[in-house]
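Read the numbers this way: they start at 1 and go in the same order the structure lists the ligands and their atoms. All values derive from a computational prediction rather than experimental measurement.
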Amino acid sequence: MKPHPKEETTFVLIKPDGVRRGLAGEVIRRIERAGLKIVALEMHQSSKEEIDRHYPKDEAWITRLGEKTLSTYEKYGFDAKEEMGTDKAEKIGPQVRGWLIDYMTSGPVVKIVVQGVHAVDMIRKLAGNTQPALAEMGTIRGDYSVDSAASANKDKRAIHNLIHASETAEEAAHEIEHWGMKGKIHIYTRIEEGL
Ligand code: GDP
Ligand code: MG
């Protein structure tokens, strides 16, 4: 049986740019203010191998990374072949994945496990679009960063977008386990739970 919606957990990483810009507190504040419960929290320097295992390796995920690039190229009138040497999503994806590993190991991250009603979707909503230039104002990425696939690819780096957030309950379960946070979860009630 599926757990009660308020017991859903998700995984957030404040990325190295978020930590280095002093935005860890702001991210945590927004999560807490939304009524979501922080149940585990830890700062960590990741290895390349850890990041490699964190991001999916399947072809569909890697191709989707490439597709995001192609859609902003189209929107902003860039020629993918000229910029990346190819206009095939499956060829662009692996390049982006490599940049992502460099970015995510460039400094410490903050690992956070969050619990609450539809926590996965709630956190994605708070985070905003992957590309900060497309993220709504009022979201973490929209308010505190400006970057896009077109701009990041030109500099041969990952999009700097402050936080990672699991996209599905399955991804969250995998990530909480992978980041060694399963045994570090605290059980308590927030005042508004009224228990
Ligand atoms: P997220 O779930 O919103 O973080 O986005 P994805 O799972 O699709 O991508 C993982 C991370 O890769 C993003 O947060 C970005 O840092 C980076 N990224 C995604 N798409 C692109 C892209 O097209 N170009 C570049 N340079 N980086 C990307
Ligand atoms: Mg993702």
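- Scanning all protein heavy atoms for the shortest distance to atom 4 (O) of ligand 1 gives R141 NH2, 3.2 Å.
- Closest of all the heavy-atom pairs between P132 and T130 is CD-O, 3.2 Å.
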Report task. Begin from the C-alpha positions of D143 and R30 and carry the test side chain to side chain contact (heavy atoms under 4.5 Å, CB included) through to its verdict. Result -> CA-CA 12 Å; D143 283 352; R30 286 178 178 226; 2.9 Å; yes

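- Among the atoms of K15, some N or O lies under 3.5 angstrom from an N or O of ligand 1.
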Query raised in the report: Could you go step by step and tell me if L126 and L36 meet the side chain to side chain contact (heavy atoms under 4.5 Å, CB included) rule?
Result: CA-CA 11 Å; L126 286 176; L36 294 161; 4.2 Å; yes

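- In summary, of the residues considered (D87, D79, N153), a side chain to side chain donor-acceptor pair (under 3.5 Å) with Y73 occurs for N153 alone.
- Annotation for ligand 1: atoms under 4.0 Å from non-hydrogen atoms of A152 are 26 (N).
- The Mg ion (ligand 2) lies closest to atom OE2 when only the N/O/S atoms of E167 are considered.
- Residue R124 places a heavy atom less than 4.0 Å from ligand 1.
- Those atoms of ligand 1 with a heavy atom of E167 less than 4.0 angstrom away are 2 (O), 7 (O).
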Query raised in the report: Would M122 and I31 satisfy side chain to side chain contact (heavy atoms under 4.5 Å, CB included), going step by step from the backbone distance to the final call?
Result: CA-CA 9 Å; M122 277 295 295; I31 294 170; over 6 Å; no

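- Taking a 4.0 Å cut-off on heavy atoms, H160 fails to register as neighbouring ligand 1.
- Of the listed options N153, L162, L13, N153 places a heavy atom closest to atom 24 (N) of ligand 1.
- Looking at E7, its side chain never comes within 3.5 Å of a backbone N or O of G116 through a donor-acceptor pair.
- Residues V19 and P108 approach most closely at CG2-O, 3.4 Å, considering heavy atoms.
- In this structure, R97 has no heavy atom closer than 4.0 Å to ligand 1.
- Checking E171, E175, H174 one by one against S166, the side chain to side chain donor-acceptor pair (under 3.5 Å) holds for a single residue, E175.
- Annotation: atom 3 (O) of ligand 1 to nearest protein heavy atom, T130 OG1, 2.5 Å.
- Remark: minimum distance from atom 22 (C) of ligand 1 to any protein heavy atom is reached at T69 OG1, 3.3 Å.
- Applying the 4.0 Å criterion to heavy atoms of R64 picks out, from ligand 1, the atoms 6 (P), 7 (O), 8 (O).
- Using cut-offs of 30° and 60° on the angle between ring planes, the pair F11 and W179 is parallel.
- Distances below 4.0 Å separate heavy atoms of A158 from the following atoms of ligand 1: 26 (N), 27 (N).
- With a heavy-atom cut-off of 4.0 Å, N161 touches ligand 1 through its side chain alone.
- Near W99, meaning under 4.0 Å from one of its heavy atoms, ligand 1 places the atoms 26 (N).
- For the pair K68 and ligand 1, a heavy-atom separation below 4.0 Å is found.
- In this structure, atom 9 (O) of ligand 1 lies nearest to the protein heavy atom L65 CD2, 3.5 Å.
- Note on V120 and I28: separate hydrophobic clusters, where clusters join Ile, Leu, Val, Met, Phe, Trp and Tyr whose side-chain heavy atoms are under 4.5 Å apart, directly or indirectly.
- Near A149, with a cut-off below 4.0 Å to any heavy atom, the atoms of ligand 1 are 22 (C), 23 (O), 24 (N).
- Between R157 and ligand 1, a contact under 3.5 Å exists for at least one N or O pair.
- Nearest to atom 17 (C) of ligand 1 among the protein's heavy atoms is L100 CD1, 3.8 Å.
- E26 and Y144 are linked by a side-chain donor-acceptor pair at a separation below 3.5 angstrom, with hydrogens and angles left out of the test.
- Among protein heavy atoms, the minimum distance from atom 21 (C) of ligand 1 is reached at I159 CD1, 3.5 Å.
- A salt bridge between K57 and D52 is present, with a side-chain N of the basic residue lying under 4.0 Å from a carboxylate O of the acidic one.
- Using a 4.0 Å cut-off between a side-chain N of Lys or Arg and a carboxylate O of Asp or Glu, E192 and R190 qualify as a salt bridge.
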